[in-house]
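Below: the structure, in structure tokens.
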Amino acid sequence: MTRSSQLPGFYKKSIDERRAFVREWAGLSEEEAASYAFPPGVDPATLDRMIENVIGVMPLPLGIATNFQINGVDRLIPMAIEEPSVVAAASNAAKVARDGGGFLAQTTAPVMIGQVQVLDVPDPVAARLRILDHKDDLLAASNAKDPVLVKFGGGAKDLEVRIVRSARGTMVVIHLLVDARDAGGMNAVNTMCEALAPEFARLAGGRAVLRIISNLAIHRLARAHATFPAAALATPTATGPEVVDAILDAYALAVADPFRCATHNKGIMNGISSVVIATGNDFRAIESGAHSFAAWRAGEVDAGTVILPLTTYEKDKNGDLVGSIEVPAPVGLIGGATAVHPTAKANVKVLGVKSARELGEVLAAVGLAQNFAALRALATEGIQRGHMELHARNMAVSVGARPDEVDRVVERLVRDRQVRFDRAKEILDELRRGAPG
Ligand code: MEV
């Protein structure tokens with residue numbers, strides 16, 4: 001019998017009814033269906049209001065990165081991520097940075113860009129000036145849409161008009177620059193853009209279509225820098241200064257080669273995204289913003305460069321490694337999931353951040369820490385050894401090792417450098433037969 005995925009009224013059912021339906025549909029066992037259960041302390045009704053057709057939760061491990069000192073303040077960093085080694089790497093990097101005085105971080109004002117696209121404008125250059133002639137009135141009209149934001153010092157602060165040549169003709173694109181204060185800004189910006197679009201269209205003499213925030217948040221940046229003392233970087237086979245040079249070589253490849261740069265920036269986002277997720281912020285917005293910022297800045301620096309690392313490394317006069325990062329940080333503490341999700345709220349409390357800007361500073365510091373840790377590992381012993389033990393542990397559990405057997409299976413997998421499912425099974429069988437390891 002064919003089944004239909006068209007489920008009229010599915011959204012009206014209770015969480016339990018939806019879950020029972022999906023269980024039946026997929027033939028899930030009781031245990032599999034139970035993995036969707038809400039943990040104690042998480043109110044199903046809260047999560048049911050957050051998205052549609054909720055059937056349960058998908059928990060991610062939440063770890064705490066240690067050793068972080070940012071602008072002189074010690075912070076514990078909650079990180080939600082599925083990938084092994086990320087939390088440990090961030091903690092280790094923060095320890096080295098601590099020896100060099102910790103992370104110093106800063107942010108720009110939390111200004112987001114809203115875009116309004118106006119088409120069919122006969123005289124785009126003059127239209128630009130007609131809109132700019134009315135700037136003060138247009139900003140006032142935008143601000144009338146969100147008096148609360150204005151009361152807290154935010155609101156529409158400026159506007160820019162761009163002329164964009166596209167495959168479908170020349171377009172006038174207005175950028176409304178809105179200080180979102182402690183919010184992500186999505187709602188405030190979109191509301192203002194939708195409200196102002198008819199007036200922009202009238203002034204331009206065209207028709208307005210798209211009215212939406214831009215994730216390329218070039219005005220809402222977080223920055224951090226730290227010194228990683230060469231003396232702390234020595235390994236059994238390389239001196240500290242040699243490691244500094246190896247890291248600079250690794251960084252140079254990311255600058256010169258987009259294929260390496262993509263991975264370099266991915267490692268940065270391992271840190272940033274896991275804090276963004278832990279605080280209930282929109283990680284897709286941050287990811288999109290970070291990667292497009294890396295490309296946008298590359299174009300600004302040199303038209304032939306397609307993407308640049310979000311971090312920079314230099315050697316200071318003492319021969320120590322100095323790392324810095326600059327990245328868009330459009331995160332909020334109010335108005336989104338951060339304010340309603342119980343775990344996100346707890347995580348914000350653990351972080352101890354009181355403003356979206358402070359959260360941005362944390363993100364920048366964690367991104368830099370994560371990137372330094374990756375470069376250090378890659379430039380010395382490689383990342384596999386660190387990964388291997390955690391990977392082996394997962395593998396031991398997945399072949400059915402009991403808690404009292406896991407350590408012995410892991411030890412042999414790592415010792416033989418063969419972290420494979422078939423080997424884990426063989427080792428477990430041997431252990432159970434009492435064969436010598
Ligand atoms: C893995 O998730 C991240 C790294 O590949 C980052 C990098 O190569 O810089 C280790």
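Numbering of ligands and ligand atoms starts at 1, following listing order. Any value given below was found using the heavy atoms of this structure, including those in side chains, with hydrogens, waters and symmetry copies removed.
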Can you name the side-chain hydrogen bond (donor to acceptor under 3.5 Å, both in side chains) partners of Asn318, sequence neighbours left out?
none
Look at the aromatic rings of Tyr313 and Tyr251 and report parallel, tilted or perpendicular, splitting at 30° and 60°.
perpendicular
Strictly below 4.0 Å, N to O, side chains only: are Glu430 and Arg412 in salt-bridge contact?
yes
Of all residues at least two apart in sequence or in a different chain, which pass the side-chain hydrogen bond (donor to acceptor under 3.5 Å, both in side chains) check with Asn92?
none
Output a table of donor-acceptor pairs, distance under 3.5 Å, between side-chain atoms of residues 171-178 and any protein atom two or more places apart or on a different chain; print 'none' if there are none.
residue: His175; atom: NE2; partner: Gln115; partner atom: NE2; Å: 2.9
residue: His175; atom: NE2; partner: Arg162; partner atom: NH1; Å: 3.1

Val406 pairs by side chain to side chain contact (heavy atoms under 4.5 Å, CB included) with which of Asp404, Val410, Val409?
Val410
Protein residues that have a heavy atom under 4.0 Å from any atom of ligand 1, sorted by chain and number:
Glu83, Arg260, Thr263, His264, Lys266, Gly267, Asn270, Ala374, Leu378, Ile383
